[in-house]
Structures are given as structure tokens and as C-alpha cells.
Amino acid sequence: MPKPKESLNPFEEAQEQIDRAGKKLNLAPDLLELLKHPKRELHVNFPVKMDDGHVKVFTGYRVQYNDARGPFKGGIRYHWNVSIDEVRALACWMTWKCAVMDIPYGGAKGGIICNPKEMSKSENERMTRRYASEISIIIGPEKDIPAPDVYTDGQTMSWIMDTISMQKGYTVSGVVTGKPIPIGGSLGRDEATARGAVYATREAAKRTKLNLKGATVAVQGFGNAGSHYARLIQDEYGAKVVAVSDSKGGIYSEKGFDPKQVLAYKEKTGSVVGFPGTKKITNEELLELPVDILSPAAMENQITSENAPRIKAKISAECANGPTTPEADDILYKNGVLVIPDILANGGGVTVSYFEWVQDLANFFWTKPEVDQKLEGVMVRAFDAVWKMHEEKKCDMRQAAYMVAINRVAEAYKWRGIYP
Ligand code: NAD
């Protein structure tokens with residue numbers, strides 16, 4: 001029996017997206033075939049001494065999908081559900097994200113099958129350092145630059161940077177991004193994903209003649225991306241945040257509330273739920289609220305063919321990766337909801353990662369206003385390119401973003417040719 005479309009293996013889904021965009025672009029079939037495969041994959045099985053003295057063998061991956069436009073770039077995920085197909089898909093999507101943002105990187109992704117919630121900090125450090133050592137044969141500032149992803153953070157990046165530096169005998173700060181500021185991190189990296197998404201939302205609002213001042217906003221997922229998004233769109237553009245949520249549920253107030261106060265409340269109580277003056281709602285209800293702007297900023301597959309017909313927002317700005325299924329995309333497009341797709345909307349994160357790497361290589365660090373201004377330039381140019389494709393090809397913004405990205409990678413191949 002054919003699998004339902006919405007439960008495709010993530011890498012098959014990524015390949016299907018390439019096919020669709022490639023055909024619309026009339027790309028040569030052999031080039032399309034090349035783009036549908038990762039260039040290099042490293043599988044590693046390695047031992048880690050656990051706190052109780054026994055040795056546990058972990059499996060990890062680093063997939064280097066494509067480097068036609070520059071060094072490989074992509075995060076490292078620690079999760080019990082990590083699989084090679086998931087890492088392949090994520091590495092593929094990184095390729096398109098870097099290309100659509102027009103930063104000179106290819107795409108990669110790494111992961112370890114593990115449960116970091118059940119590991120002590122010292123076990124996590126030994127696992128990280130051993131994994132870094134195993135993949136050190138293929139990473140480096142000039143070839144492949146990892147970054148944080150699910151359950152990895154600035155501490156993880158610091159251990160990787162230190163491990164590679166110990167091997168080399170000197171400090172190699174440009175080997176990873178997402179580092180803390182004292183060891184070569186960039187100002188503005190913590191809010192970059194959200195700030196980029198807010199710039200993209202502003203551009204979308206201009207095109208759709210939506211006045212951001214007073215526009216109502218609902219944000220699903222009040223974590224790093226979502227909480228900064230809510231704060232920035234309200235404080236810098238005068239929008240009115242009326243709903244936010246986390247894994248425990250959501251809150252709604254027609255009058256709106258201050259996201260900074262909600263963040264302080266969440267830090268104290270562990271959830272946004274219960275914030276004074278708001279009504280409790282479910283995550284499902286949040287998505288269907290009568291708001292101007294919706295930002296899915298939590299998890300994949302939140303907007304599906306089931307709930308898409310009930311989405312009332314005019315703009316959906318995808319801070320999260322993969323929040324909308326392909327079937328839902330078609331419904332939203334038909335209903336006139338402008339979706340700013342993940343590879344564009346949340347591309348501010350990798351863009352400031354790129355800025356971090358540039359600053360590390362130059363050993364010259366920028367001020368926060370310099371970072372923000374450069375990010376704004378990259379976001380506006382990327383949005384313009386995707387908007388133009390969306391109008392020219394009369395397709396939704398996701399397909400347009402893929403077409404812009406795939407076309408840029410194809411262009412690199414045309415110039416470079418096929419070796420030998
Ligand atoms: P995070 O862990 O800081 O926050 C996630 C938030 O979502 C938390 O508040 C959590 O409670 C909430 N959440 C979890 N399950 C939920 C559910 N079922 N319904 C509603 N909320 C739920 O993570 P983050 O870094 O903010 O990442 C969020 C999304 O943005 C992910 O898809 C991530 O891949 C994407 N993203 C993040 C960055 C970045 O720089 N942080 C960059 C690109 C993409």
C-alpha cells in the first residue's frame with residue numbers, strides 16, 4: 001500500500017521537493033539526480049566511559065550534503081530518534097537554506113543517537129569530545145562548520161572547539177558557530193533567528209498591505225525562536241501579541257500582553273500557562289485564532305491537511321523547521337495565507353552563524369548594531385528574490401524559495417563543471 005504523503009520518510013520528502021522544484025526550473029535530469037544525493041556520509045560508532053564505570057557504544061553521523069557554493073554548514077543534534085535518513089534530510093535542507101539566504105555555504109548535519117536528558121554533564125562532555133574527535137577528519141573552518149541543534153548548545157560547541165584545538169595545538173575558533181561570546185561567538189546570535197523572521201514578516205506585511213502597527217500575533221512555541229520573535233515584533237514594530245504557547249499549553253488575551261513579562265513568568269513557573277489576565281487555550285486552538293500573523297515556532301508537522309482549512313492568519317512566518325505539511329501548504333495557498341517558508345523565515349540563524357565564522361576568521365568582532373544591519377540586508381535580499389520567483393512562477397512561497405535555492409546551487413555546478 002502506498003504510504004500516506006504526510007508520513008513520508010523525511011529524506012524521501014526532501015528528494016521529492018527537489019524533483020518538484022527542478023522540474024519547474026527545467027533543470028537537466030542528470031543535475032537533478034546529483035542534487036538528490038548527499039556527497040559524503042560519515043558513520044561513527046565510538047565508546048564512552050559512563051559515570052558508573054561501564055563503557056557504552058554510541059552511534060553518530062555527519063552528513064555532508066553539498067558544498068558546490070562553499071564549506072559545509074549545519075547543526076549537530078542529540079536525540080534518541082536520530083536516524084541517518086533524518087540527518088540526510090536535515091543536511092539537504094541546510095543546503096537550500098544557505099543558498100536561499102545567499103551565504104557562501106553548502107549544507108551538512110550531524111547527530112548522535114542518545115538521550116542527553118538521562119546523561120550527566122560529564123558523560124555528555126566525554127561523548128561530545130569523542131564524537132568531535134571521530135568527525136575531526138572531515139570538519140574544519142575551511143571545510144565543514146557545525147553548530148547547535150536539538151539538545152546541543154553553546155557548551156557543546158565549546159567542547160567541540162576545544163577538542164579540535166587540542167588536536168591541532170592551537171585555538172581554532174572558526175570550526176563551530178553558536179559559541180559563547182568569550183570564545184569567539186557573535187553578538188546577536190541568540191536572537192538572530194527571530195530577528196530575521198521579524199524582518200521577513202515586515203517584508204511580507206509590506207507586500208500584502210498589512211499594517212504591522214496593531215496587527216495581532218500568535219506564536220506557537222515560546223522558546224528561543226518564539227519568545228524573541230514575540231518580543232521583537234511587538235517592541236520594534238508595534239504589533240500586538242495576543243497568544244503564545246509552550247509544550248504545556250497556550251495563553252490568549254484579546255487585549256494582548258507583554259512578551260517580556262510572559263518570559264519572566266515562564267522562567268519562574270516553568271510555563272506560560274497561568275499568566276495573569278489570560279485565558280488558557282490548547283496548542284491546536286492557538287493555530288486557528290483569528291489573528292493577522294501566526295508564527296509556528298515549536299515543532300514539525302503542526303499545520304496539516306486537517307487543520308489548515310481553519311487557519312485564519314494572513315501571514316504564517318515559520319520560525320520552526322517543517323511546521324507545515326505539503327498538503328497543508330496547498331490548502332493555505334488556495335486560501336490566500338502567505339506562508340514565509342522555514343528556509344527563508346528562520347534563515348537569520350544560519351546567517352548570523354556565518355557572520356560569527358567571518359568574525360572568527362578575521363579576528364575582528366562587530367557591534368550588535370552592525371550585526372543587525374547586515375542581517376537585515378541579507379534577509380531583505382533573500383525575501384525579494386523569493387517574492388519575485390513567487391510572482392513570476394505563480395507558485396507558493398515555499399516552492400519559490402526552493403526554486404531560488406536549487407537554481408543557485410545548479411548555477412554553481414554550471415560554472416564549476418563536472419570533475420575531471
Ligand atoms: P526551544 O527548545 O528553545 O523552544 C521550543 C519551544 O517549543 C519551547 O517553549 C517548548 O515548550 C515548545 N514546545 C515543544 N513542544 C511543543 C508543542 N507540541 N506545542 C507547542 N509548543 C511546544 O527551541 P528553538 O531553538 O526555539 O527552536 C524552535 C524551532 O525553531 C525548531 O523547529 C527549530 O528547528 C527552529 N529553529 C531554531 C533556530 C534557532 O536559532 N533557535 C534556528 C532555525 C530554526
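Note that ligands are numbered from 1 as they come in the structure, with each ligand's atoms numbered from 1 the same way. Since this is a predicted model, take the numbers as computed values, not measurements. Throughout, residue positions are numbered sequentially from 1 according to the sequence presented.
Taking 4.0 Å as the cut-off between side-chain N and carboxylate O, Glu356 and Arg189 do not count as a salt-bridged pair. Taking the charged nitrogens against the carboxylate oxygens, Asp384 and Arg207 do have a contact shorter than 4.0 Å, which makes a salt bridge. A salt bridge links Arg77 with Glu86: the distance from a Lys NZ or Arg NE/NH1/NH2 to an Asp or Glu carboxylate oxygen falls below 4.0 Å. One finds no salt bridge joining Lys312 and Glu288 here, because no Lys/Arg side-chain nitrogen approaches an Asp/Glu carboxylate oxygen to under 4.0 Å. Ion pairing between a basic and an acidic side chain is recognised when a charged N comes within 4.0 Å of a carboxylate O; Asp360 and Lys179 show such pairing.
Using a 4.0 Å heavy-atom cutoff, Glu300 is absent from the residues neighbouring ligand 1.
Using a 4.0 Å cut-off between heavy atoms, Asn283 contacts ligand 1 through its side chain alone, with no backbone atom that close. The proximity of Ser227 to ligand 1, defined as any non-hydrogen pair under 4.0 Å, does not occur for either the backbone or the side chain. The backbone and the side chain of Asn224 each have at least one atom closer than 4.0 Å to an atom of ligand 1 (non-hydrogen atoms only).
Shortest contact from atom 30 (O) of ligand 1 to any protein heavy atom: Cys319 O, 3.2 Å. Of the protein's non-hydrogen atoms, Met299 CG, 3.9 Å is the one closest to atom 18 (N) of ligand 1. Of the protein's non-hydrogen atoms, the one nearest atom 42 (C) of ligand 1 is Thr193 OG1, 3.2 Å. The protein atom (non-hydrogen) at minimum distance from atom 12 (C) of ligand 1 is Ser247 N, 3.8 Å. Among all protein heavy atoms, the one lying closest to atom 5 (C) of ligand 1 is Gly223 CA, 4.1 Å.
Counting only non-hydrogen atoms, the option in Gly349, Ala297, Gly348 that gets closest to atom 28 (C) of ligand 1 is Ala297. Across the listed options Gly196, Ala298, Ala225, Gly347, Ala298 owns the non-hydrogen atom lying nearest to atom 29 (C) of ligand 1.
Atom CD of Gln373 is surrounded by 12 or fewer heavy atoms from other residues, nucleotides or ligands within 6.0 Å.
Between Asn346 and ligand 1, not a single N/O pair is under 3.5 Å apart. At least one N/O-N/O distance between Asn321 and ligand 1 falls below 3.5 Å. Of the N or O atoms in Ser245, none lie within a sub-3.5 Å distance of an N or O in ligand 1. At under 3.5 Å, not a single nitrogen or oxygen of Lys97, backbone or side chain, sits near a nitrogen or oxygen of ligand 1.
Which parts of ligand 1 touch Lys266 is read off a 4.0 Å heavy-atom cut-off, strictly below it: atoms 9 (O). Residue contact check: Phe222 has heavy atoms under 4.0 Å from atoms 9 (O) of ligand 1. Close contacts of ligand 1 with Ala320, meaning ligand atoms under 4.0 Å from a residue heavy atom, involve 29 (C), 30 (O), 32 (O), 35 (C). Of all the atoms in ligand 1, the ones that sit under 4.0 Å from a non-hydrogen atom of Arg189 are 40 (O).
Of the protein's heavy atoms, at least one falls inside 4.0 Å of atom 26 (O) of ligand 1. Note that atom 36 (N) of ligand 1 has protein non-hydrogen atoms nearby, at separations under 4.0 angstrom.
Put simply, the side chain of Thr216 never gets that close to the backbone of Lys240: no donor and acceptor are under 3.5 Å apart.
For Asp102, the side chain to side chain contact (heavy atoms under 4.5 Å, CB included) partners are Arg69, Arg408, not counting sequence neighbours. For the ring-ring contact (aromatic ring centres under 6.0 Å, His included) test, no residue two or more places apart in sequence or in another chain qualifies with Tyr413.
Contact check for Lys374 versus Val352: no side-chain heavy atoms found under the 4.5 Å cut-off. The closest side-chain heavy-atom distance from Tyr151 to Val82 is not below 4.5 Å.
When only modelled atom types and interatomic distance are considered, Tyr61 and Ser83 share no side-chain donor-acceptor pair under 3.5 Å.
Residues Asp67 and Arg416 approach most closely at O-NH1, 3.5 Å, considering heavy atoms.
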